[in-house]
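Worksheet for the structure shown next.
Small disclaimer: the values here were computed from a predicted structure and weren't measured. Per chain, numbering begins at 1; letters A, B, ... match sequence-line order.
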2 protein chains.
Amino acid sequence: MEDVAREAGVSRALVSLVMRDSPKVSPAKRTAVLESAAALGYSPNRLASRLASHRTHTLGVLFLDLHNSVFADIYDGLSAGLAGSGNQVMVAVGSADPRTEIEAVRSFVDLRVDGVILAGYTGTSEDLAAALRGTPCVVITRELEADGVDSVLTDDFRSGVLAVEHLVGLGHRRIAHVDISDWLPYTARREGYLHAMKEHGLAPQLVHSDMTERGGRAVMEQFLDSGAERPTAIFTHNDLTAIGVMEALTARRLSIPGDVAIVGCDNIEFAASPLIGLTSIYQHARELGQVAARAMLDRIAGTAGPATTRKLEPALMVRRSSDPAA
Amino acid sequence: MEDVAREAGVSRALVSLVMRDSPKVSPAKRTAVLESAAALGYSPNRLASRLASHRTHTLGVLFLDLHNSVFADIYDGLSAGLAGSGNQVMVAVGSADPRTEIEAVRSFVDLRVDGVILAGYTGTSEDLAAALRGTPCVVITRELEADGVDSVLTDDFRSGVLAVEHLVGLGHRRIAHVDISDWLPYTARREGYLHAMKEHGLAPQLVHSDMTERGGRAVMEQFLDSGAERPTAIFTHNDLTAIGVMEALTARRLSIPGDVAIVGCDNIEFAASPLIGLTSIYQHARELGQVAARAMLDRIAGTAGPATTRKLEPALMVRRSSDPAA
DNA sequence: TTGAAAGCGCTAACAG
DNA sequence: CTGTTAGCGCTTTCAA
């Protein structure tokens, strides 16, 4: 920078202003600086500028799992929502391991990111608040009680209800639910399921799995082998699980939806594929990302008040897996 | 840091050493420092430490597309390969847009990452070299001629050959190939296809698409409507495209592999799903990530010599889409 | 507009 | 082992 200043015959401060394209530089000096910068192959060290300016223009984003394309959708929404704001995104993957997640958040904070966006945080709000140290944060797909932390999610309880209503409407009475292991803080879909089942006077039937295709398949195979009475319909926590369940059923030569109807949740791309035809509850993943981005920008700009929760309405997408006519 | 030092009754330098857990600190002082750090809620500003130490312990990783799970596999390999090395990863997504890609690389370099790993770079090696300014780099899934840039990939030419040999072995003679638009620097699979077709004295038939499921589907629908002679087998550039092609065929009530056999490439998770049953060429995505991580660590450590290329052997995974018996 | 000076919060020798 | 002294490369007053 020193060199560029000398070469262009100006002061370092001026070079700094030009590099951040400040409006208060004369066009002549500006081009002079730009030219010598190009000539010397200079580009500013952003570490230094961040340190000095206390702004990083970077948002840390944590994803639960890159294998679930719902996070790719959220990513798309985030980058659309951030477009033109001059912020960049730094991604980390938590893998549903609270230790890894907190480590990632801490790392973001130590790097002084302007904000942290969590898409799939499975830890506690206390740990999060401690790691955050006041850094603005918005949580996607979950409602978290912590001050200064906004939540953006789809009404998961409602999703559970929607699924059951749909299946009951189709005449099903033995409807099972494959949720994700008890310990994960994503229970609203199950609550919705349980609530709706009760409303209809039906006996709930729960099976625990993780949130993967493989997990769903393994759990369902085990279930089918157990000799337990087979449900006529299954609602799963997410689409990956639903696909795993479908695989298990297919492997046992059971027809879908003839023998068992399936309803997933998330509405990932593959669910919509004619090859899969999975009925699913759309949670507007892309929009979640976009809304979260806006929320974060507001919070960084200081125009946001106390922590808010934004909840989107889920939508049922009927496909072959629950309705042969679809 | 000042405060912590005072509180613990030591110098700032000592605090610094403790924070980086250097071995040359007495246990007594160490715990004293740690305690007062905890008491004061201190954690080091890594921006500052990076600036001062000229090491960021961060690798910038660029992915082509988060919607293609092959990149999730590569990510897994990378993080496995980096585990324990004390490096963290910063992810960006290029979306097959050279401008976005170069912007991301430049951003990494301006942040002084220790190295850049590119999984799906579609630009030129000149642009890359310019953006890199000497930052160590390893490119995955592609062979790039630029000094100091290592390449880690699967032998794509061979993949094309494998696909054709497999189909020819099954008796097919009209074998089409859906590649990705001409301008993308990923032509080896097509070259392999063309070469093998020629070897067998067969006439190649090329269809251009992008690398997405939707693209594959659209292109194939258009192709089927065009009235062109239908091939009995199709080899696609990647699995996403293959799935799109399968969707188009299914929508036209054509059977797979009865009317048309399909072979994809990448061997993503869904290809292996019994619901899809797509024959594919395994490119060892996870291993690519792991090998790339090692290559990068070597390069950073300075133990790597001139630019090298590591090429893995692809493997044919036969499934239902090409062989009903499978 | 421009320039000089004073940091941002840490690390890196080196002397003790 | 510990403390001192310089920076890292930029931004920011603030005065000119």
In Å and rounded to the nearest 0.5 Å, what is the CE to CG distance from B/M19 to B/L14?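 It is 12.0 Å, given to the nearest 0.5 Å.
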How long is the straight-line distance from CD1 of B/I140 back to CG of B/L62, given to the nearest 0.5 Å?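 Here the rounded value is 10.5 Å.
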In which stems does DNA chain C show up, taking only runs of three or more Watson-Crick or G-U wobble pairs whose two distances fall under 3.5 Å?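 In DNA chain C, stems of three or more pairs: C:1-11 with D:6-16, C:13-16 with D:1-4.
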Looking only at side chains, do [X] and [Y] share a donor and an acceptor under 3.5 Å apart?
X	Y	result
A/D76	B/H67	yes
B/R12	B/S16	no
A/R133	A/T135	no
B/S95	B/D97	no
B/S36	B/Y42	no
A/S181	A/D210	no

Which residue in the set A/D156, A/T122, A/N238, A/T141 passes side chain to side chain donor-acceptor pair (under 3.5 Å) when paired with A/Y186?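 Checked A/D156, A/T122, A/N238, A/T141 against A/Y186; only one passes side chain to side chain donor-acceptor pair (under 3.5 Å): A/T141.
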Which whole-number value in Å describes the distance from [X] [atom1] to [N] [atom2]?
X	N	atom1	atom2	value
B/L40	C/dG9	CG	P	15 Å
B/H54	D/dC10	NE2	P	11 Å
A/D110	C/dG9	CG	P	14 Å
B/H57	C/dT11	NE2	C1'	12 Å
A/E2	D/dC8	CD	P	10 Å

Neighbours of DNA chain C within residues 43-52 of chain A, by heavy-atom distance under 4.0 Å: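 Going residue by residue through residues 43-52 of chain A, the ones with a heavy atom under 4.0 Å of DNA chain C turn out to be A/L51, A/A52.
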For atom CZ of A/R99, decide whether the heavy atoms of other residues, nucleotides or ligands shown that lie under 6.0 angstrom number more than 12.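 Atom CZ in A/R99 is not crowded, with 12 or fewer foreign heavy atoms closer than 6.0 Å.
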Keeping the roles fixed (side chain from A/R50, backbone from A/T56), state whether a donor-acceptor pair exists under 3.5 Å.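 A pair under 3.5 Å: yes.
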Does any residue of residues 10-29 of chain A have a heavy atom under 4.0 Å from DNA chain D, and if so, which ones, in number order?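 Contacts with DNA chain D under 4.0 Å: A/R12, A/A13, A/S16, A/R20.
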